[in-house]
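Note that the numbering runs from 1 along the sequence shown for the chain.
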Amino acid sequence: MASDKRLIGVIDQPGTERDALADMIAKDHFAVVAVTDPEELPDHTLLAVAHVRAVPPAQWASLSERLPTLVVSDERLDAELLKAVEVGLVDYIVEPLRHGDVLRRMIDKVIDNHRLAREHERDRARLADLNEHLETHLDMLRLDQQAGGHIQRKLLPQRPLTLNGVSCDYWLAPSLYLSGDFLDFQRFDERYSVFYFADVSGHGASSAFVTVLLKYLCNNWLSQWDGRAPERLPARWLSKLNRELLDAGIGKHATLFVGVFDRQRHYLHYSLGAQLPMPMLVSDNRLRLLEGEGMPVGLFPGVEYPTLGCELPQNFRLWLCSDGVLECLSGDGLDSRLKELERLVLASDDVAALRGKLSLGDVPENDDDAVAERAPGHDELPDDLTIMTLSGFGDDDT
């Protein structure tokens with residue numbers, strides 16, 4: 001049907017040559033309208049076939065902006081053809097009446113190229129719009145993550161902090177704005193103080209939410225404790241938290257160490273769930289690993305966690321590190337890195353000293369706020385990194 005044909009405008013001076021050119025184009029799937037002035041072309045014209053003698057040089061630019069244009073000429077060295085090419089009309093054919101098949105194929109090609117160019121431009125505009133929206137949402141997400149990181153750090157204990165003759169210090173470097181590592185140290189009464197050290201699987205927002213849940217639950221459980229049977233409290237907390245994480249159905253688990261310091265007995269009650277590296281107790285320039293093993297928290301139902309304990313010397317320092325620390329040590333395997341960590345711990349007097357011995361790239365060595373402000377620029381940290389020390393009892397005579 002004629003209505004389905006592509007409309008081609010032929011621009012040339014009236015005469016037999018224009019009629020012959022129009023008839024040649026119309027042999028294929030084209031409808032043709034012949035005009036003398038480009039302004040006479042209908043709005044739904046798809047392409048103009050313009051003879052160089054019919055279009056003044058000053059009109060080539062405006063014509064090409066309006067329509068895709070194919071230029072025809074009777075001579076290759078026609079000065080008017082060169083003027084059209086100089087404007088940017090590079091699609092042309094010489095002696096079109098002798099090359100009808102080529103002309104029609106060129107018309108199809110120019111129309112298709114013009115259509116593709118318009119589609120490409122639309123796609124570019126759409127992508128630019130999507131990128132702008134994406135940048136806006138990323139900025140909002142970044143602000144939310146920064147705010148969440150500040151709030152999470154507010155949940156951490158003051159550092160350094162001394163309770164019941166035991167001093168706590170720590171350093172936490174998130175690989176993102178929010179961390180899956182968390183710790184706390186609280187006083188129950190004049191005799192007992194409680195701490196825990198957690199490393200939630202993964203890192204980022206979902207893991208950080210679990211640390212907020214951990215903080216809330218442990219504060220609640222500590223407020224409900226009556227101070228009796230301190231040896232059972234760590235294992236009981238791990239069992240409760242195991243149920244909470246499984247019931248939440250969020251697909252997160254954690255390694256956890258929970259301890260209760262008995263100031264009167266100089267004793268540590270503790271339990272653990274897959275803690276790695278194992279806590280290291282240093283006294284009199286000797287290091288020993290705390291004993292015990294337990295399943296990760298939040299993976300398997302009905303897990304029973306061990307009830308463990310050890311005597312504490314008058315002067316001791318208990319070290320706890322997240323597994324991210326192992327990534328900052330030399331060594332070909334896990335065992336060699338654990339041995340290297342023990343060597344570095346034994347040679348370090350405090351958290352700052354151990355941190356200085358790790359391969360941390362350009363992570364700043366100043367306070368936690370400066371470290372957090374860099375996130376998520378810690379590309380050199382493959383995981384959240386946390387070090388915690390608990391030192392006592394020193395000159396405490398209570």
Side-chain angles (χ1 to χ4, degrees), residues 166 180-189 191-202 206-281 288-312 316 318-324 326 334-335 338 384 386 388 390:
V166 177
D181 289 356
F182 197 74
L183 55 89
D184 204 2
F185 180 46
Q186 296 190 47
R187 178 182 183 274
F188 175 73
D189 58 17
R191 179 175 180 178
Y192 298 117
S193 54
V194 180
F195 72 94
Y196 56 85
F197 186 88
D199 183 356
V200 181
S201 60
S206 59
S207 299
F209 293 150
V210 176
T211 69
V212 176
L213 174 65
L214 174 64
K215 173 77 173 183
Y216 166 76
L217 292 174
C218 290
N219 283 356
N220 186 40
W221 296 334
L222 185 60
S223 67
Q224 296 175 2
W225 185 39
D226 59 6
R228 299 178 181 177
E231 68 279 2
R232 298 210 305 265
L233 182 140
R236 187 164 64 246
W237 277 21
L238 293 180
S239 296
K240 288 182 177 180
L241 183 60
N242 188 59
R243 289 194 298 269
E244 290 284 348
L245 290 180
L246 288 171
D247 291 344
I250 55 178
K252 288 290 181 179
H253 64 275
T255 62
L256 211 68
F257 185 93
V258 180
V260 179
F261 285 115
D262 186 334
R263 183 183 191 182
Q264 180 176 311
R265 291 181 53 197
H266 285 195
Y267 196 87
L268 172 64
H269 304 282
Y270 67 92
S271 186
L272 72 168
Q275 176 65 37
L276 184 75
M278 287 294 289
M280 295 161 281
L281 185 64
R288 70 180 179 92
L289 302 178
L290 295 191
E291 298 177 351
E293 60 183 19
M295 299 295 291
V297 179
L299 272 184
F300 306 105
V303 175
E304 293 186 3
Y305 291 93
T307 298
L308 304 166
C310 67
E311 299 284 346
L312 294 173
F316 71 90
L318 179 64
W319 292 81
L320 298 105
C321 300
S322 64
D323 57 3
L326 299 176
L334 177 60
D335 290 340
L338 290 173
D384 301 325
T386 305
M388 181 184 190
L390 296 140

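Two residues are said to be in side-chain contact when any heavy atoms from C-beta on lie closer than 4.5 Å; L233 and W221 fail this criterion. Side-chain contact between V260 and F188: absent, with no pair of heavy atoms (C-beta onward) separated by less than 4.5 Å. Contact check for T255 versus L276: no side-chain heavy atoms found under the 4.5 Å cut-off. Using a 4.5 Å cut-off on side-chain heavy atoms (C-beta onward), Y196 and M388 make no contact. A 4.5 Å side-chain heavy-atom check between F185 and F261 finds at least one atom pair inside the cut-off. Side-chain contact between L281 and F316: present, with at least one pair of heavy atoms (C-beta onward) separated by less than 4.5 Å. A heavy-atom distance below 4.5 Å is not found between the side chains of E291 and C310. For the pair V303/L238, no side-chain contact is recorded, criterion being any heavy-atom separation below 4.5 Å from C-beta on.
Partners of S193 under the side chain to side chain donor-acceptor pair (under 3.5 Å) rule, at least two apart in sequence or in another chain, do not exist in this structure. The salt bridge (Lys or Arg N to Asp or Glu O under 4.0 Å) check on R288 picks up nothing, with sequence neighbours excluded. P296 pairs by the side chain to side chain contact (heavy atoms under 4.5 Å, CB included) definition with H253, A274, L299, not counting sequence neighbours.
D199 contributes no side-chain N or O that, together with a main-chain N or O of S322, makes up a donor-acceptor pair within less than 3.5 Å. For E304 (side chain) and P306 (main-chain N/O), no donor-acceptor pair under 3.5 Å exists by modelled atom type. Remark: side-chain polar atoms of D184 are not paired, donor with acceptor, to backbone N or O of F195 under 3.5 angstrom. Within the 3.5 Å criterion, the main-chain N or O of G324 finds no donor-acceptor partner in the side chain of D384.
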Exercise. Would you check, one step at a time, whether the test side-chain contact (heavy atoms from CB on, under 4.5 Å) holds for M278 with L338?
Key: CA-CA 9 Å; M278 287 294 289; L338 290 173; over 6 Å; no
Practice problem: Begin from the C-alpha positions of W225 and R236 and carry the test side-chain contact (heavy atoms from CB on, under 4.5 Å) through to its verdict. | Solution: CA-CA 11 Å; W225 185 39; R236 187 164 64 246; 3.9 Å; yes
Quiz item: Can L217 and K240 be said to form a side-chain contact (heavy atoms from CB on, under 4.5 Å), step by step?
Solution: CA-CA 9 Å; L217 292 174; K240 288 182 177 180; over 6 Å; no
Quiz item: Does the side-chain contact (heavy atoms from CB on, under 4.5 Å) test come out yes or no for L214 and L256, once each step is laid out?
Solution: CA-CA 11 Å; L214 174 64; L256 211 68; 4.1 Å; yes
